[in-house]
Structure formats: C-alpha cells, structure tokens
Amino acid sequence: MEKLMIAGGRPLRGTVQISGAKNSAIALIPAAILADSPVTLDNLPKVKDVDTYAEILCELGVSVEWNGDTMRIDSGRIRSIPMPNGQVKQLRASYYLMGVMLAKFGEATIGLPGGCNFEPRPIDQHIKGFEALGAEVSNQYGSIHIKAKQLRGAKIYLDVVSVGATINIMLAASRAKGLTTIENAAKEPEIIDVATLLNSMGARIKGAGTETIRIEGTDSLQGCRHSIIPDRIQAGTYMIAAAATRGDILVDNIIPKHLEAMTAKLQEMGAHIYEMDESIRVIGQSDYANVDVKALVYPGFATDLQSPMTSLLTQANGVSILTDYVYNNRFKHVPELLRMGAKIKLEGRSAVVEGSALNAAKVKATDLRAGASLVIAALTVDKGVSEISGVEYIDRGYDNLVENLQTMGAEVWREAEKKV
Ligand code: EPZ
C-alpha cells in the first residue's frame, strides 16, 4: 500500500491535460460487448477502474487489446457466465453488466456492486427498469439474477434521477423489441456519451441529455470507433486546486460547458476564470468570499466535486454552507479535514464550513473524491508535510495525479506505507 506525502504552500502553475471521463469509460467498456463485431474506444483514462473492467471482460472471454489510451474490444467469443464475486465487487459500475448480459443473452447473474462506500447505494431503479422490460429479477446469495425470454419496450418512470439506472436501462432496451421511454432520466454528459456510442453501433436512441430518452430496440449492433468525452470531474478538481493554492493553471482538453456550475461558483468566490473553446484558465486570488454550494444532478454543481470543494471553502472568509442533495451523507472526508484544523459542522445533508488555515496531518482517504479533497487541503498548508493514506482510492479515478501536480510545481510524492 502507498501513501501520498504533500508539502503544500506552493501555488500551482502551468497546464494540465485532462484525460477521458472515468464515469464514461466504465459504462462504454461493457456497452461495447453489445456489438457483434469489434469496438475501438479512444481517449481512455489510465485509472484502476478501467483496468478492473478490462479484467472482467477477459474473464468473460472477451478479447481486450490495450494500446496507449485506445482499447479494442471484441466480444466474438464472449461466454455467458455468472459473475457473482471477484472483480465485480471492486467497482460499482459492474452493475452495467446486468443490462448488457441481459440484452445479449437474456440472462445475467452479477454480484451486487462494490466501489465507493460513502453510503448505501441501492440499485432498485435499475431493477425496476429491467422488470418493466419483462425480466424476472431475484437476489441469490448476494448476486442479482435476471432472466427474460424476450425483452419488450416499456415506459419507465425513474423515481430517483439516477445516472446508473438511466444508462443500465438504455443498455438493456437497445436490444428490446419495440420502443422504450425513460422518463425522469438523468442528464449527465456521460449518458450522452453512452448513447452516442450505442447509436454509432446502430442503436436508435433519442433524447439522451434530456429527462426523456427514447430507445427503439434493434436486433443487432455492430462495431465502431468512439472517442470518450473528457473527465469533467478531474477537470473540476484541478480548477479547485488552482484556486485553493492561489495558483494560475490552464485546464486543457475539456468541454467547458460541462463545468458551468463549477466555473460560476469559483467566480462567485472571487477566482478569475477565462474560458476558451477546449480549456479553462483559473487564476487564484488571496481573498475568497464565502458562498453556498448545492450539489445537484447535472447541470447543477456535481456531487463528485462536493468533497474537493469543501477543502476550498476552508480558504474562504466567513462561513459557507455546502449541501448535497444527491447523497444523504457524503461527508467522510470531513473528520479527516477536522484533523487538519478545519472548522466544519455537519448538519443533516449540509456541511457548515468556517474559513480557517489548515495544518499538516496524517489523514486517510476513504473514497475517491474524499481522497481528492484531502490532497487539495494538504496543498494549502505551507508548514510541514501531510500524509494521505488510502491512495488506492484516489488512483481509481485520477490518472497521473502526482505527476500532474509535480509538473505544476507541487511538492508531492508517493511513499510505501510502513507495515505496522
Ligand atoms: C454515478 O453513480 C457515478 N458513478 C458517481 O460517481 C456519481 O456520484 C453519481 O453517478 C451521481 O452523479 C459512476 O458513474 C460509476 P446515481 P451512480 O444512480 O450511477 C440513488 C465517483 O466519485 N439511487 O445517479 O451509482 C443513489 O443512492 C462516483 O466517480 C437510488 O436510490 O449514482 C443516490 O442517492 C461516486 N436507487 C442517487 O440516486 C437506484 O437504483 C444518485 O445515484 C440508483 C440510485
């Protein structure tokens, strides 16, 4: 196991190139299985979750060829086997195998997903969708078993706006007979990315990115080539880091529109932001105004940037309130920030953050975005060296984080965790 060591207090300066979106990649990789000929995906991020998914596909007999940021997926020899345990437990997005295997084989047995465990993460809306399409769903020893003689199009209203359920139902419905309508669908850019891939494979999906998506099922889907959208959450994390260290960075190879809520909030605090076609420049300031942040479904402020934003709010004057309306209790980073001297009170789904200088400390990442939050907090501390354990969480979703930060002037390095 490794830990990150950070001697902060140095403003980040320079350019960071953003890679493909992790939360797109781990939906597009299983989606590629639906094609009856090879699919090539470009601009894949080098993150643990993508490696894990590649291993899962190999277990299924799918041929996976990695070359740089390009992956060629050929499911010509895929086996329909149960996946009750093993790697499927490593990542939440393994649930996409349910929609894909159901569409391809009419049956799936997939272990309940793992991944970031900041709070219970039900999949009842996924199951509601599969049942509406005509599948029988049962829970067998912690695995979800799904079976359908023939998937038939249906009208599905999601009780909760869910990224995963929207994508999973789209995957299953792409091979159902007839028209499926998803109402109250999630509108994240990653959903549009999956629909774009499926349509390139011959699916007939309309409305992705709106609250109503229509999927006309087709008998077969063919291979294609697709480039993944940039990772808006990685981009937003670096924007926050630039503001927190009073630096001046260019976040390059992004779609600025995906970051409108983040840009607006940083400007409201007093950071200077310059938006270009495919990049955003963030110039930090010495003084920040306190602000209120509401984490909402897209296009609202992203819940995945809520934890990193909490660290920036410790640098603002006065009291800021951050409320997460997507998750009930995504605040496992807060006790660790308190160990660094932060002044934060948790009240229900809100964190009340009073501006204060932070101190170096030994802290622990408990999930992907909580880890990013601790990195940002440590980068603001100009005395001492902070130690962040649980780097494996951070590596699940941030590729080249240490290298990127070092290139921008941060004093950060990895060390082996001493065996106790
Ligand atoms: C995706 O998770 C992302 N993960 C999450 O990012 C992200 O936080 C989340 O969307 C929201 O944007 C991946 O894409 C792999 P949801 P997902 O279904 O699809 C409730 C990261 O850090 N819900 O949109 O699992 C759920 O409990 C990760 O990269 C149900 O009640 O999230 C939550 O409160 C963390 N029943 C809300 O909906 C369901 O069947 C939104 O969850 C499904 C979800």
Side-chain angles (χ1 to χ4, degrees), residues 19-31 45 47-50 52-53 56 88 90-99 112-132 137 144 156-171 182 184-194 211 228-229 231-237 258 261-262 294-309 323-333 349 365-373 393-399:
S19 61
K22 183 255 299 178
N23 287 347
S24 239
I26 50 181
L28 295 175
I29 291 170
V47 294
K48 185 85 181 65
D49 278 6
V50 169
T52 304
Y53 234 123
I56 291 173
V88 291
Q90 300 308 313
L91 73 159
R92 177 158 176 84
S94 55
Y95 52 40
Y96 291 134
L97 289 169
M98 297 176 189
L112 279 167
C116 287
N117 59 354
F118 43 79
E119 71 172 53
R121 297 174 64 192
I123 58 166
D124 57 297
Q125 299 299 304
H126 301 236
I127 291 167
K128 173 180 179 177
F130 296 145
E131 288 175 337
V137 184
I144 296 290
I156 301 162
Y157 179 84
L158 290 181
D159 304 321
V160 181
V161 176
S162 159
V163 172
T166 302
I167 291 175
N168 227 345
I169 295 166
M170 219 164 47
L171 292 169
I182 306 173
N184 200 28
K187 298 186 269 192
E188 273 66 6
E190 292 74 24
I191 289 163
I192 299 173
D193 210 18
V194 174
E211 66 269 8
I228 291 184
I229 59 170
D231 193 318
R232 61 194 171 97
I233 305 302
Q234 283 204 49
T237 305
H258 290 167
M262 169 55 74
K294 291 178 174 51
L296 297 161
V297 296
Y298 191 84
F301 190 96
T303 173
D304 293 345
L305 290 169
Q306 176 263 89
S307 325
M309 191 64 178
T323 304
D324 195 323
Y325 289 100
V326 177
Y327 292 106
N328 300 319
N329 179 15
R330 193 178 185 173
F331 293 116
K332 287 214 169 124
H333 53 296
R349 53 172 66 232
T366 49
D367 67 68
L368 168 57
R369 309 304 174 184
S373 160
Y393 285 107
I394 300 172
D395 291 340
R396 287 189 46 216
Y398 291 92
D399 52 346

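Keep in mind that the numbers below use all heavy atoms, side chains included, and drop hydrogens, waters and symmetry copies. Whatever order the structure lists them in is the order used to number ligands and atoms, beginning at 1. Index from 1, following the sequence.
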(request) Give yes or no for whether the N/O distance cutoff of 3.5 Å, strictly under, is met between Tyr96 and ligand 1. (result) no

(request) For Asn328, enumerate each residue passing the side chain to side chain donor-acceptor pair (under 3.5 Å) test, keeping only those at least two apart in sequence or located in another chain. (result) Arg349

(request) Below 4.0 angstrom from a heavy atom of Lys22, which ligand 1 atoms are there? Numbered from 1 as shown, please. (result) 21 (C), 29 (O)

(request) Could you list the atoms of ligand 1 found under 4.0 angstrom from a heavy atom of Thr303? (result) 8 (O), 11 (C), 12 (O)

(message) So if I count the atoms of ligand 1 from 1 in the order they appear, which ones are less than 4.0 Å from some heavy atom of Arg330?
(response) 8 (O), 22 (O), 35 (C)

(message) Any non-hydrogen side-chain atom of Val194 less than 4.5 Å from a side-chain atom of Leu28?
(response) yes

(message) Strictly below 4.0 Å, N to O, side chains only: are Asp231 and Lys22 in salt-bridge contact?
(response) no

(message) Between Asp367 and Lys332, does any NZ, NE, NH1 or NH2 come within less than 4.0 Å of an OD or OE carboxylate oxygen?
(response) no

(message) Under a 4.0 angstrom heavy-atom cut-off, which atoms of ligand 1 come close to Asp304?
(response) 5 (C), 6 (O), 7 (C), 8 (O), 21 (C), 22 (O), 28 (C), 29 (O), 35 (C)

(message) Once you restrict to heavy atoms under 4.0 Å, what part of Lys128 touches ligand 1? Side chain, backbone, both or neither.
(response) neither

(message) Gln306 and side-chain contact (heavy atoms from CB on, under 4.5 Å): which single residue from Arg369, His333, Lys294 fits?
(response) His333

(message) On a heavy-atom basis, I'd like to know which of Tyr325, Tyr393, Tyr327 is closest to atom 32 (O) of ligand 1.
(response) Tyr327

(message) Under a 4.0 angstrom heavy-atom cut-off, which atoms of ligand 1 come close to Gly164?
(response) 18 (O), 19 (O)

(message) Heavy-atom pairs closer than 4.0 Å: do any link ligand 1 to the side chain of Ala165, the backbone, both, or neither?
(response) neither

(request) Taking atom types as modelled, find out whether Thr237 and Tyr398 have a side-chain donor-acceptor pair closer than 3.5 angstrom. (result) yes

(message) As a check for students: among Ile123, Asn23, Leu368, identify the option with a heavy atom nearest to atom 14 (O) of ligand 1.
(response) Asn23

(message) When you compare the side chains of Gln234 and Asp399, does any donor N or O come within less than 3.5 Å of an acceptor on the partner?
(response) yes

(message) Among residues at least two apart in sequence or on other chains, which ones pass side chain to side chain donor-acceptor pair (under 3.5 Å) with Ser162?
(response) none

(message) I want to confirm something. Looking only at heavy atoms, which of Val160, Asp124, Val297 is nearest to atom 36 (N) of ligand 1?
(response) Asp124

(request) Look up atom OG1 in Thr166 and atom CG in Leu158, then write down how far apart they are to the nearest 0.5 Å. (result) 5.0 Å

(message) What's the separation between atom CD1 in Ile167 and atom NE2 in His126, rounded to the nearest 0.5 Å?
(response) 9.0 Å

(message) Within the 4.0 Å heavy-atom shell around His126, which atoms of ligand 1 are there?
(response) 40 (O)

(message) Once you restrict to heavy atoms under 4.0 Å, what part of Val326 touches ligand 1? Side chain, backbone, both or neither.
(response) both

(request) Would you mind listing which atoms of ligand 1 come within a distance below 4.0 Å of any non-hydrogen atom of Ile26? (result) 15 (C)

(request) Run the numbers for me: atoms of ligand 1, each under 4.0 Å from some heavy atom of Tyr95, listed by number. (result) 17 (P), 19 (O), 25 (O)

(request) To the nearest 0.5 angstrom, please state how far the CG atom of Leu97 sits from the CD1 atom of Ile56. (result) 6.0 Å

(request) Compute the minimum heavy-atom distance from Pro122 to ligand 1 and say whether it is under 4.0 Å. (result) yes

(message) Using a 4.0 Å heavy-atom cut-off, which part of Arg369 comes near ligand 1: side chain, backbone, both, or neither?
(response) side chain

